[in-house]
Participant: 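The structure is given below, and queries will be raised subsequently.
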Amino acid sequence: MTELRELRYEPKAIEPKWQRVWEEERTWEASNEDDGRPKHYVLEMLPYPSGEPHMGHLKNYALGDAVAHFSRRIGRRVLHPMGYDAFGLPAENNAIKTGEHPREATAKSIASFQRQFREWGISIDWSREFGTHEPRYYRWTQWLFLQLQERGLAYKREGAVNWCPNDQTVLANEQVVDGRCERCGFEVEQRQLEQWYFRITDYADRLLEDLDEIQWPEHVKTMQRNWIGRSEGAQVAFHNPDLGIDYPVFTTRPDTLFGATFFVMSPEHPDVLRLAAGTEHEQAVRDYVRHAQTESAEERGAADKAKTGVPLGRSVVNPVNGESIPMWVADYVLMEYGTGAIMAVPGHDERDHEFATVHGLPIKRVIAGPEGEDELPYSGDGTIVDSHPDFDGLPNREALSAIVAWLDREGKGHRSINYRLRDWLVSRQRYWGCPIPVVYCDACGMEPVPTDQLPVELPDVSDYKPRGRSPLAAAEEWVATTCPRCGGPARRETDTMDTFVDSSWYFLRYCDANNDAAAWDRDVLNRWMPVDQYIGGVEHAILHLLYARFFTKAFADMELLDFQEPFQALFTQGMITRDGAKMSKSKGNVISPATYVDRYGADTARCYILFIGPPDQDADWSDEGVEGVHRFLARLWRLGVEVGVGPADSPATGAALSDADGALARKAHWAIDKVTADVSGRFAFNTAISAVMELVNECYRHREQASPEVQRFAVATAASLIFPFAPHTASEVYELVTGGRVWEQPWPRADPAMLTTDTFELVAQVNGKVRDRLTAPTDATKDQLEQLARTAPNVVAHVDGKEVVKVIVVPGKLVNLVVR
RNA sequence: GCGGCGGUGGCGGAAUGGUAGACGCGGCGGCCUCAAAAGCCGCUGGGCGCAAGCCCGUGUGGGUUCGAGUCCCACCCGCCGUACCA
């Protein structure tokens, strides 16, 4: 017999062995046929294949795989697919630098992801794999685009857009962070361009309301609510007699209308120059507007910036009292929000107050606050004063609705709801994306490409460099086409789609990934959707998650599917940091999963990343911690070798057991109970793994005394429980002790009789302080427990000479004697 | 400013209002070995004490309670998100 201590746990031998079995037997492929088991769709966010997978991917897929495995073993039919978000700028920027076709770079990266996902042993249904850059996928992206266009949900219009001068393309609002391009960090400019949009604003209310229906982290819901930014108020028209134009403003405080002392327009407001023309302020206004344009979004957006602005030399009439108030232009008014113009109420708005103070404008109080609150601006509630006989004296909240009703009757305004959410700008002047399937004909105008001519394939080009228009524009042979309506010459749209379009429906395609006749079959889709558990990073809280919800609702309206929300439950994972900092090339603290998988095996890397802490929190990677988890798996494996194959059933309920057998069997059942609760009730994988560690420690403790059968049961149970986290080692150990396949076994069940013991440790307290610990029978009465505690030597010492005024007995736990 | 999350040993972290610090790392000691590595076993919050044991201890200060890391109030600090949104 081989000396045990010479036995080495060799993941390099174990892991490929099981990967081969799963691959050859296609173990993780899911059938679209309903077999009576409840379905469970487990999905991790689509990876963007650039270079190699990083630690974030390892965490994401280790988490998802644990959920998928656990779900299968508790009897669900599980869909756990994989694909690649393969269009995008990194591959294209690489092409500009090196000339390598983005398709080549992407293919290499995908191959690396595929290889590593296999090496990690993630239980993926590979039969459904695709990349969003493959024509067989983007054909349907284009088809869906046309469906949206047919219903007016995709449209083209001219307007002010965000332009990234580095990436040479427009960006959606969601992709501009602090005035900078979310991708490259360059300052974004405003340009006036004709672009494609999706009408996501039509869905603002539904996107907001349905958040109540889904199990998502509250902070993600909050971020979406804030992004949608619904606010209730009124639209009120202020008339300018010079041009004879009504300028509507949006306000959430119509109750302060009588306090408006001036009127402010955004520098981007199209009428600003027209209004100033011919006044003494014309030149000053021109200068101010020009300056505002050159100022970066960042400078302009700084909250502590002084309130600048110039008068327009015109005035408008406040419709509620006929007062003429001066018009100004100031950059604290944003064109993007509301109507691009505001009524300024310096008495009750901080910003307006600041502006009025700087520019010497009148400040009027129209709401009286409680006693002592006589500072202006006052933004709290109070009583209407100096406004109108009908409203003076009313509480302002009451006056608010009364004033809106009155405006409505008088035709001067109406109730209005305003949103921060803008339509989603989807066209991009870049190459490596999904072509927008429309053509332009001189005779017929814009024409959608007929669906039987899809896909519009992305042509090869020789020059990827963006020049303010898509590189596709240079592919003349491709651009020149015929009009589908009149057959005459036509030109193709050369913009491509935002890659977020690709990833807004991929989870649908997985359900019916190989369907050549349609994007999906509605019945097949209904058998899997919605995704039961979605897992990914919070960085997608707004962008991807909002877009995907919008698509789902739009498709539901088109009767392409029958549910309103794509992701029933969402789990957002924390970041993996290194030395307390985010990993980045510039910091030089990047570590790659491959290093650890190579050194310790995939099971160690996966278990460690789950063991490190609660998965929704950030966690710092520690090399020493990895060693510990590796030791644990090696200890488990060694137990398997030592105990060998044979019967491994749980001791029968009520069987007479030796002390060692009893302790070990109970620990095994305790671990089953604990792991099951930790995994199913919450994502407490860290404590689940520590419970299996405890079981393994208990196995070592009873190695000499416990019977082979009970030891085998304990080891098999440990293997079975660790399987969702360390599938290879678990499979190996389970085979060593039972000869069977762990993934084919149902999830173990704890025997309730084995979860209780005859005695427990009774804590004896005096005045809430622990004074003794005693062994007490589990079935003892409260009185018996009290007597036991009262006689404990150290309790007696603390009670001595005092009066027991109260006794608290918590059966199974403690006795507390309150003395005086 | 606003919103959210968090603050527990040397470190990562664990604790349905009921034994604070499970599990892991690190450290210390022992066994094995010619020796080391690996492995196995034990100890490991701080202070006082020969010991039994006692005192202190979950960011700070109050409160509720027989009992508070946990609940309430007021603060401090850190991280994330968001910010002239009318």
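Here is how names work: the chains are called A, B, and so on, in the same order as the sequence lines, proteins then strands, and each is numbered from 1.
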Participant: Partner lookup for B:G3, please. Criteria are Watson-Crick or G-U wobble with both distances under 3.5 angstrom; report none if nothing qualifies.
Facilitator: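 With both distances under 3.5 Å, B:G3 matches B:C80.
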Participant: To the nearest Å, give me how far apart CG (A:N816) and P (B:U65) are.
Facilitator: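 Going from A:N816 (CG) to B:U65 (P), I get 15 Å.
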Participant: Considering Watson-Crick and G-U wobble pairs with both distances under 3.5 Å, what does B:U60 pair with?
Facilitator: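 B:U60 is paired with B:A74.
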Participant: When the P atoms of B:A22 and B:G46 are considered, how many whole Å apart are they?
Facilitator: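 My reading of the P atoms in B:A22 and B:G46 gives 13 Å.
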Participant: Salt-bridge test for A:E786 and A:R790: reply yes if a basic N is under 4.0 Å from a carboxylate O, no otherwise.
Facilitator: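 Here A:E786 pairs with A:R790 in a salt bridge, since their nearest N and O are under 4.0 Å apart.
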Participant: Using the C1' atom as the point on both nucleotides, what is the distance between B:G21 and B:G7, in whole Å?
Facilitator: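 16 Å, rounded to whole Å.
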Participant: With a 4.0 Å limit, can you tell me whether A:K813 has a side-chain N or O closer than that to the phosphate oxygens OP1/OP2 of B:G18?
Facilitator: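 It does not, given that no N or O in the side chain of A:K813 lies less than 4.0 Å from OP1 or OP2 of B:G18.
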Participant: I'd like the C1' distance from B:G9 over to B:G45, given in whole Å.
Facilitator: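 It comes out at 5 Å once rounded to the nearest Å.
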Participant: Rounding to a whole Å, what distance do you find between A:Y419:OH and B:A86:C1'?
Facilitator: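 Answer to the nearest Å: 17 Å.
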Participant: Strictly by Watson-Crick or wobble contacts shorter than 3.5 Å, is anything paired with B:G24, and which nucleotide is it?
Facilitator: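 Partner of B:G24: B:C11.
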Participant: Could you check which nucleotide pairs with B:G39 in any of the strands shown, counting Watson-Crick or G-U wobble with both distances under 3.5 Å?
Facilitator: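 Looking at the geometry, B:G39 pairs with B:C31.
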Participant: Please state the P separation for the pair B:A15 and B:G24 - nearest whole angstrom.
Facilitator: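 To the nearest whole Å, 15 Å.
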Participant: Select base, sugar-phosphate, or nothing to describe what A:F632 touches, counting heavy atoms under 4.0 Å on all strands.
Facilitator: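 Nothing, no heavy atom under 4.0 Å.
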Participant: Should A:D246 and A:K412 count as an ion pair when the cut-off is N to O under 4.0 Å?
Facilitator: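 Between A:K412 and A:D246 there is no salt bridge, as every charged N stays at least 4.0 Å from the carboxylate O atoms.
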Participant: Can you check the A:H630 NE2 to B:A38 C1' distance for me, whole Å?
Facilitator: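 These atoms are roughly 12 Å apart.
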Participant: Return the value, rounded to whole Å, for the distance between atom CZ of A:R225 and atom C1' of B:U82.
Facilitator: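 Spelled out: CZ on A:R225 to C1' on B:U82 is 16 Å.
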Participant: Check the distance between B:G3's C1' and A:I542's CD1 and give it to me in whole angstrom.
Facilitator: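 After rounding, the reported distance stands at 12 Å.
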Participant: Base of B:U19, side chain of A:E761 - is there a donor-acceptor contact under 3.5 Å?
Facilitator: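 Such a pair is found, so the answer is yes.
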Participant: Round to the nearest Å and state the distance from A:D616 atom CG to B:G81 atom C1'.
Facilitator: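 Rounding to the nearest Å, CG of A:D616 and C1' of B:G81 are 16 Å apart.
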Participant: Decide, for B:G9, between syn and anti: a glycosidic angle within 90° of 0 counts as syn, anything else as anti.
Facilitator: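 Syn conformation here, the glycosidic angle of B:G9 being no more than 90° from 0.
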Participant: Could you tell me how the ring of A:H269 sits relative to the ring of A:Y247: parallel (under 30°), tilted (30 to 60°) or perpendicular (over 60°)?
Facilitator: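 A:H269 vs A:Y247 ring planes: perpendicular.
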Participant: Please state how far atom CD in A:E698 lies from atom C1' in B:C23, giving the value in whole angstrom units.
Facilitator: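 The distance from CD of A:E698 to C1' of B:C23 comes to 14 Å, rounded to the nearest Å.
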Participant: For A:N418, which contact category applies under a 4.0 Å heavy-atom criterion: base, sugar-phosphate, or nothing?
Facilitator: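 Touches nothing.
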Participant: Nearest heavy atom decides the nucleotide; on that basis, is A:W227 or A:E694 closer to the 5' end of RNA chain B?
Facilitator: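 Closer to the 5' end of RNA chain B: A:E694.
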Participant: Give one of base, sugar-phosphate or nothing for A:Q765, where a contact means two heavy atoms less than 4.0 Å apart.
Facilitator: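 Base contact.
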Participant: Which part of the nucleic acid, if any, lies within reach of A:T222 when heavy atoms closer than 4.0 Å are counted: base, sugar-phosphate only, or nothing?
Facilitator: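 It contacts sugar-phosphate atoms only.
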Participant: May I ask you to say what A:D352 touches in the nucleic acid, namely base, sugar-phosphate or nothing, with a heavy-atom cut-off under 4.0 Å?
Facilitator: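 No contact.
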Participant: How far, in whole Å, is B:G49 from B:G39 if one measures between their C1' atoms?
Facilitator: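 Roughly 38 Å separates the two C1' atoms.
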Participant: Do A:R578 and A:D623 sit within salt-bridge range, that is, some charged N less than 4.0 Å from a carboxylate O?
Facilitator: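 Salt bridge present between A:R578 and A:D623.
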Participant: Which base, if any, makes a Watson-Crick or G-U wobble pair with B:U16, both distances under 3.5 Å?
Facilitator: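 B:U16 is unpaired by these criteria.
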Participant: What distance, rounded to whole Å, do you find between the two P atoms, one in B:A38 and one in B:C28?
Facilitator: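 Each nucleotide's P atom is 13 Å from the other's.
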Participant: How many whole angstroms separate atom CG of A:D772 from atom P of B:C54?
Facilitator: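 Whole-Å distance recorded here is 9 Å.
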Participant: Quick one: do A:E694 and A:K667 make a salt bridge, cutoff under 4.0 Å?
Facilitator: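 Salt bridge between A:E694 and A:K667, a charged N being under 4.0 Å from a carboxylate O: yes.
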Participant: Here's a test of your reading of the structure: between A:D618 and A:G628, which maps to the more 5' nucleotide of RNA chain B?
Facilitator: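 Between the two, 5'-proximity favours A:D618.
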Participant: Report which part of the nucleic acid A:L814 touches: base, sugar-phosphate, or nothing (heavy-atom distance under 4.0 Å, all strands).
Facilitator: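 Base, at least one base heavy atom under 4.0 Å.
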Participant: Base, sugar-phosphate alone, or nothing: which one does A:R682 contact when heavy atoms must sit under 4.0 Å apart?
Facilitator: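 If one applies the 4.0 Å heavy-atom cut-off, A:R682 turns out to touch the sugar-phosphate alone, with no base involved.
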Participant: Can a side-chain donor-acceptor contact be found between A:D255 and A:N396 if the only test is distance below 3.5 angstrom?
Facilitator: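 Yes.
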Participant: Would you measure the distance from the P atom in B:C11 across to the matching atom in B:G3 and give it in whole Å?
Facilitator: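 Their P atoms lie roughly 32 Å apart.
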Participant: In this structure, is the centre-to-centre distance between the rings of A:Y547 and A:W424 below 6.0 Å?
Facilitator: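 Judged by ring-centre distance (under 6.0 Å), A:W424 and A:Y547 do meet the cut-off.
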Participant: Going from CD on A:Q293 to CD on A:E268, what distance comes out if it is rounded to the nearest 0.5 angstrom?
Facilitator: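 So the CD of A:Q293 and the CD of A:E268 are separated by 7.0 Å.
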Participant: Could you check whether A:N794 gets within reach of a base, just the sugar-phosphate, or nothing at all, counting any heavy atom under 4.0 Å?
Facilitator: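 The answer is sugar-phosphate, as A:N794 gets under 4.0 Å only of primed atoms, P, OP1 or OP2.
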Participant: When rounded to the nearest Å, what value does the distance between P atoms of B:G13 and B:C80 take?
Facilitator: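 That atom pair is separated by 16 Å.
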